[in-house]
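Since the model is a prediction, treat every value here as computed from it, not as a measurement.
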Amino acid sequence: MRSTLHQFIGIDAVFASSESCALLEKTQRLAPLNASVLIEGESGSGKEVLARALHAESLRASKPWVDLSCAALPDHLVESELFGYEKGAFSGADRRKEGLFELAHQGTIFLDEVGELPARQQAKLLRILDSGSYYRLGGTKKVDVDVRVIAATNRNLRDSVEAGEFRKDLYHRLAQLRLRALPLRERPEDILPIAELFLSQQRHPVPLSQPAKAALIQYCWPGNVRELRNAVVSAAAMATGAEIELHDLPEEFQPASVIPWPEPAGADLTTLIRGITEVESGYSSGLLEQMERKTILAVLKQSDGHQERAARLLGISVKTLSRKLKVYSGVCHETIPAVLSA
């Protein structure tokens with residue numbers, strides 16, 4: 001097995017599987033281009049690592065890198081953060097403030113969770129991508145910027161376009177180039193090298209025992225790399241021996257509670273998983289629906305019925321999870337956890 005450690009602006013990333021190495025090679029091919037890039041993938045699958053790789057390998061590498069999570073700010077603050085404002089633009093604006101696009105001039109701006117961008121800001125972002133200029137909030141003079149935009153989403157933006165939640169013209173402008181961050185279940189050869197990387201970063205590194213390694217490989221990782229990091233860091237803190245044993249891993253990795261990999265049973269694994277990661281598309285049926293339901297209920301049980309936590313692990317919205325549970329309560333006999341908190 002080939003294991004390669006890459007560094008992107010201080011971030012260590014392991015590419016051990018052939019799938020990951022192919023993704024890295026594609027990223028390096030796209031990096032020198034000036035076109036915008038849309039990175040799609042589940043929550044915790046490494047979209048920001050790919051975005052930073054695009055910047056680090058680009059002709060803008062020595063210029064600013066600016067990032068923003070579009071879901072982290074209230075709607076009324078997104079415009080002032082992205083585009084800045086003039087003194088007196090609103091109550092409390094006692095000075096002019098440069099927006100993130102100005103700060104990223106000649107560099108790269110990374111818009112994470114771009115699918116959460118409010119409709120008004122979608123229109124303004126489209127104008128910037130088309131013209132390279134905009135007005136600050138409350139301003140009358142255009143600001144000209146030269147910025148490469150990299151956007152990421154864990155949603156299916158094509159479905160959002162069809163639902164009228166995301167502008168079609170903006171989608172095509174952002175998706176001039178596209179990358180897909182791979183979930184861990186599609187690159188199992190990466191699991192142990194990534195786990196060992198996280199362990200090596202601990203103050204007192206402890207190796208994994210063979211049973212612990214087997215448990216990590218057998219787990220389906222709905223939370224992807226983020227969940228893997230949390231699991232091994234927690235296990236390292238709990239370990240009292242010379243190795244991390246199976247019982248040192250969190251509860252969900254114990255034999256009685258582990259979520260197994262779905263069995264293909266006549267359909268390939270990628271097709272089965274697509275029913276979970278694209279649940280809003282509405283085309284899953286038959287066996288695919290059964291696997292989707294089984295996995296969602298298993299993750300919900302693992303999360304003690306906490307819908308927000310389960311949705312985060314699954315990489316879907318709480319709204320989507322709630323809608324699925326309403327359907328399941330009427331058509332299946334599985335026990336849905338009684339505590340369904342948002």
Side-chain angles (χ1 to χ4, degrees), residues 1-8 10-21 23-24 39-53 112 152 154 180-239 243-255 257-262 269-270 273 276-277 295 298-303 306 309-316:
M1 177 177 66
R2 178 173 56 169
S3 179
T4 308
L5 178 64
H6 296 266
Q7 290 191 335
F8 306 125
I11 295 180
D12 291 334
V14 170
F15 295 87
S17 66
S18 58
E19 294 83 0
S20 291
C21 290
L23 177 60
L24 176 60
I39 304 175
E40 300 169 299
E42 298 175 17
S43 179
S45 58
K47 296 185 292 295
E48 184 174 350
V49 171
L50 291 177
R52 286 183 175 270
D112 197 11
N154 60 11
R180 176 174 173 266
L182 302 173
L184 272 181
R185 63 179 169 271
E186 292 184 17
R187 48 188 179 108
E189 292 178 10
D190 290 345
I191 293 173
L192 292 184
I194 293 175
E196 289 164 357
L197 170 63
F198 289 141
L199 290 173
S200 71
Q201 296 169 344
Q202 302 308 300
R203 185 173 182 180
H204 301 293
V206 183
L208 292 159
S209 67
Q210 288 303 319
K213 289 180 179 180
L216 295 182
I217 292 175
Q218 292 168 10
Y219 188 64
C220 74
W221 299 107
N224 293 297
V225 177
R226 187 177 295 119
E227 186 182 10
L228 174 56
R229 177 184 59 203
N230 293 344
V232 297
V233 169
S234 172
M238 296 298 297
E243 292 184 319
I244 293 175
E245 301 294 346
L246 179 58
H247 63 262
D248 295 321
L249 293 171
E251 180 182 355
E252 57 266 31
F253 296 90
Q254 305 309 315
S257 56
V258 67
I259 302 174
W261 289 79
L269 182 59
T270 301
I273 295 303
I276 301 163
T277 59
T295 304
V299 173
L300 189 64
K301 182 178 180 180
Q302 173 189 325
S303 304
H306 194 288
R309 188 180 307 132
R312 188 165 60 250
L313 288 172
L314 289 163
I316 62 177

Note, [X] side chain near [Y] side chain (heavy atom, < 4.5 Å):
X      : Y      : answer
Leu23  : Glu19  : no
Arg180 : Glu186 : yes
Ile194 : Arg187 : yes
Cys220 : Arg185 : no
Leu199 : Val233 : no
Leu24  : Leu50  : no
Lys213 : Glu196 : yes

Would you confirm whether [X], through its side chain, and [Y], through its main-chain N or O, come within 3.5 Å as a donor-acceptor pair?
X      : Y      : value
Trp221 : Ile191 : no
Ser234 : Ala231 : no
Ser20  : Ser17  : no
Lys47  : Ile39  : no

Should Asp190 and Leu182 be marked as a side-chain contact (heavy atoms from CB on, under 4.5 Å) after you check the CA-CA gap, both sets of side-chain angles, and the distance that decides it?
CA-CA 11 Å; Asp190 290 345; Leu182 302 173; over 6 Å; no
Would you give me the side-chain donor-acceptor pairs under 3.5 Å for residues 203-211, sequence neighbours excluded?
| residue | atom | partner | partner atom | Å |
| --- | --- | --- | --- | --- |
| Ser209 | OG | Ala212 | N | 3.3 |
| Ser209 | OG | Ile244 | O | 2.8 |
| Ser209 | OG | Glu245 | OE1 | 3.3 |

Are side-chain N/O atoms of Tyr219 and Glu227 paired as donor and acceptor at under 3.5 Å?
yes
Check the pair Val225, Phe198 against side-chain contact (heavy atoms from CB on, under 4.5 Å), reporting the backbone distance first and the verdict last.
CA-CA 10 Å; Val225 177; Phe198 289 141; 3.8 Å; yes
Considering all heavy atoms of both residues, which atom of Pro222 and which atom of Glu42 are nearest to each other, and what is their separation?
O-OE1, 4.3 Å
If the condition is side chain to side chain contact (heavy atoms under 4.5 Å, CB included), which residues does Ser43 pass it with, not counting sequence neighbours?
Asn154, Arg226
